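What follows is a single structure, written as structure tokens, with notes after it.
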Amino acid sequence: MLTRSMSLIENNMNQDSTRNTHTVHHCLYICPSFDIKFTYILLVASASCIQPHCSSMHNNTPLRSPGTYKPSIWSYDFIQSLKIDHNTLQDKVYKDGWKFIEEKVKHMIDYDDDDTNTLTALELIDDIQRLGLGYHFEEDITRALDKILNNIDGQGTDQSLHLTALSFRLLRQHGFEVSQDVFSKFTDGNGSFKAWLCKDVKGMSSLYEASYFAFEGESLLDEGLAFSTICLKNLSGANVTKGLAEHVSHALELPLHHRMQRLEARRYIEAYNKRPDANQALLEIAKRDFNWVQCTLQRDLQEVSRWDIKAIQTLPNYMKLCFLALYNTVNEMVYDTLKEQGENILPYVTKAWADLCKAFLKETTWCYNKHTPTFEEYIDNAWISVSGVVFLVHTYFLLNPKITKQALECLENHHSLLRWPSLIFRLSNDLSTSAAEVERGETANSISCMMRGSLNVSEESARQYISNLVENSWKKLNKDGASASPFTKQFVKAAINLARISQCVYQYGDGHGAPDTRAKNRIISVIVDPI
């Protein structure tokens, strides 16, 4: 099965390698929930395919003009040149300090029931998560939020917008059921937010961030997003501090919910360091924890980058490493799962790869025949071909949950928790790479399908529609993440992180195929340079 699948991949990579290899290294520096070994193997496996060559299907006629892609800078030699600070991994000061701060933070999170203490606890939880320390306090945070939810109906009508929005955002983020109606007290008789709220910059900022946790059809949150966006964009410099102004500018660029968490942790550590009210003990632990995670990533990268490709002599050179890495890694994962849980997951993994290969083949056929599919035909195939499903299927097993029959069925039948992040992934890619793809003669991307197909719309209209579709997919992902499912919270986070990485990599253009200095610096700040 794997050999047959790899044959299909080989045929497709000759024609479509630049597009499909965009997916393989994204999780390398973005998502702690993804297994670093698997994602890096996909990275190094794809490195030899990044410079495509055009094969011929008939009469040696090239399918497209080759892309002008530069070789990846993340080479084997570069990875091996990283100087891992083993003292950081064995930092006794960090471990001893952590024990002290851990008990102190837990006590601070466990608040008394009044508005002042509630706000203090919520702001502490928000700081902890933004500093990248949330995974250490999951149980404590959940208990505190559960207490807040139980008391939410008894909270007074004079509760601030900042407190209401912050509690709403954190509750939704952690899967608690909370209605958008908590914001009704801030609206007038017409259902619009009261105009004077614009003067409350902190409240507006919190409402803006909370609005991105909306479900489809929640019009009050849609109104809150539009209202807060206008207010924040029209801020007067005299009314806000420099720190708050920077915070607002950063939020308007991309909301917190859509940001890559490790990259955001690094930025927030630096911003928190400038605050006069910063908890210095918490800040020091955050710095050490960031560096510890970074060293762990470096060590794992080096350990999985000494592949021997000599045994695979029958494949073309650019496929040898890819096949060996895929074959060994998948079978190792299958073996470990069978040994530990008695479950043979090979059929589910191979189906994910087979579905991906079929999607690749369909895109190749469209390209060869110079066929522009309808927008619906394109979307039905593209959310599979972007490879998000392959990532998430492997992630489910690599997170090593207690595998259930229901979860396996949902993976096999492409549960919507796989669809929405994959669609965000594909559409974000299209928005940033469409122009280059059209220049190379490719006909199948969401924008060209809308422009050239029966819809026949302008590029500007197509881009706006795709952007709206991305936002709507986020709302559906929010709903699926908060709804009951056979998946663990860790897997739900991984699915959301896949969507976040898409926004990050393609935020300013093609951060993979044509990475600029900013894209490279982002990777370096998370993987290479310590704080």
Side-chain angles (χ1 to χ4, degrees), residues 30-31 122-123 125-127 129-132 134 161-162 164-174 178 180 183 193 197-198 200-216 218-235 240 243-268 271-272 420-421 423-425 427-428 431-432 464 466-482 492-493 495-508 511 522:
I30 296 293
C31 180
L122 286 170
E123 289 180 333
I125 291 170
D126 192 34
D127 283 338
Q129 292 185 161
R130 287 174 178 249
L131 290 168
L161 177 59
H162 171 55
T164 301
L166 181 58
S167 61
F168 177 89
R169 171 166 66 84
L170 292 175
L171 285 166
R172 280 234 168 149
Q173 178 187 344
H174 287 267
V178 55
Q180 65 169 344
F183 294 104
F193 280 84
L197 289 168
C198 266
D200 179 8
V201 180
K202 200 169 187 179
M204 283 294 98
S205 178
S206 295
L207 175 61
Y208 171 84
E209 295 287 11
S211 299
Y212 280 94
F213 283 83
F215 299 157
E216 196 174 19
E218 291 187 320
S219 57
L220 183 56
L221 287 174
D222 291 341
E223 172 72 18
L225 176 59
F227 176 70
S228 59
T229 300
I230 292 173
C231 291
L232 292 174
K233 285 183 176 180
N234 294 331
L235 279 181
V240 294
L244 186 55
E246 291 176 350
H247 173 81
V248 169
S249 176
H250 184 71
L252 289 173
E253 185 182 44
L254 195 68
L256 178 62
H257 185 40
H258 294 183
R259 286 191 176 273
M260 189 276 284
Q261 292 181 317
R262 294 308 298 174
L263 188 61
E264 178 63 14
R266 171 131 199 178
R267 186 206 69 84
Y268 196 72
Y272 189 76
W420 304 127
L423 187 58
I424 293 169
F425 193 171
L427 297 179
S428 298
L431 284 170
S432 69
Q464 185 58 55
I466 297 303
S467 296
N468 293 340
L469 192 56
V470 169
E471 293 303 318
N472 201 49
S473 297
W474 266 108
K475 292 180 180 179
K476 292 180 178 179
L477 179 56
N478 289 340
K479 180 66 174 179
D480 280 346
V492 172
K493 289 180 181 178
I496 294 172
N497 281 338
L498 180 59
R500 286 171 174 157
I501 187 179
S502 312
Q503 305 265 239
C504 178
V505 171
Y506 300 112
Q507 184 178 359
Y508 301 106
R522 282 178 162 184

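The structure presented is a predicted model; accordingly, all values stated were derived computationally and were not measured.
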Hey, does [Y] have a side-chain heavy atom less than 4.5 Å from the side chain of [X]?
{"X": "Gln129", "Y": "His174", "value": "yes"}
{"X": "Leu221", "Y": "Phe168", "value": "yes"}
{"X": "Phe213", "Y": "Leu171", "value": "no"}

Once you round to the nearest 0.5 Å, how far does [atom1] of [X] lie from [atom2] of [Y]?
{"X": "Gln464", "Y": "Leu469", "atom1": "CD", "atom2": "CG", "answer": "11.5 Å"}
{"X": "Glu246", "Y": "Arg267", "atom1": "CD", "atom2": "CZ", "answer": "9.0 Å"}
{"X": "Tyr212", "Y": "Trp474", "atom1": "OH", "atom2": "CH2", "answer": "11.0 Å"}
{"X": "Met260", "Y": "Arg266", "atom1": "CE", "atom2": "CZ", "answer": "11.0 Å"}
{"X": "Arg262", "Y": "Asn497", "atom1": "CZ", "atom2": "CG", "answer": "11.0 Å"}
{"X": "Leu427", "Y": "Leu423", "atom1": "CG", "atom2": "CG", "answer": "4.5 Å"}

Which atom of [X] lies closest to which atom of [Y], heavy atoms considered:
{"X": "Gly224", "Y": "Ser228", "result": "O-OG, 2.7 Å"}
{"X": "Tyr506", "Y": "Ser428", "result": "CB-O, 3.5 Å"}
{"X": "Ala495", "Y": "Leu477", "result": "O-CD2, 4.5 Å"}
{"X": "Leu170", "Y": "Ile125", "result": "CD1-CG2, 4.1 Å"}
{"X": "Glu223", "Y": "Phe193", "result": "CG-CD1, 3.7 Å"}
{"X": "Leu256", "Y": "Glu264", "result": "CD1-CG, 3.9 Å"}

Under the 3.5 angstrom rule, does the side chain of [X] hit a backbone N or O of [Y] as a donor-acceptor pair?
{"X": "Asn478", "Y": "Phe215", "result": "no"}
{"X": "Arg522", "Y": "Gly511", "result": "no"}
{"X": "Asn234", "Y": "Ile230", "result": "yes"}
{"X": "Ser205", "Y": "Val201", "result": "no"}

Item to complete: Applying side chain to side chain contact (heavy atoms under 4.5 Å, CB included) between Leu166 and each of Leu207, Asp126, Leu161, report the one that passes.
Response: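 Output: one option passes, namely Asp126.
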Fill in: Chi angles and distances behind the salt bridge (charged side-chain N to carboxylate O under 4.0 Å, His left out) call for Glu253, Arg259
CA-CA 10 Å; Glu253 185 182 44; Arg259 286 191 176 273; 3.2 Å; yes
Discussion item. Using the rule given for side-chain contact (heavy atoms from CB on, under 4.5 Å), can you reason through Arg500 versus Ile424, listing the C-alpha separation, both sets of side-chain angles and the distance that settles it, and then say yes or no?
Written reply: CA-CA 9 Å; Arg500 286 171 174 157; Ile424 293 169; over 6 Å; no
Worksheet item: Any side-chain donor paired with an acceptor under 3.5 Å for His258 and Gln507?
Response: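 Per modelled atom types, His258 and Gln507 side chains form no pair under 3.5 Å.
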Worksheet entry | Pair Glu123, His162: side-chain N/O donor-acceptor within cut-off below 3.5 Å |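 Yes, a side-chain donor-acceptor pair sits under 3.5 Å.
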Discussion item. By the definition salt bridge (charged side-chain N to carboxylate O under 4.0 Å, His left out), identify the one residue from Arg172, Lys479, Lys475, Lys476 that meets it with Glu218.
Written reply: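 Testing Glu218 for a salt bridge (charged side-chain N to carboxylate O under 4.0 Å, His left out) against Arg172, Lys479, Lys475, Lys476 leaves exactly one candidate, Arg172.
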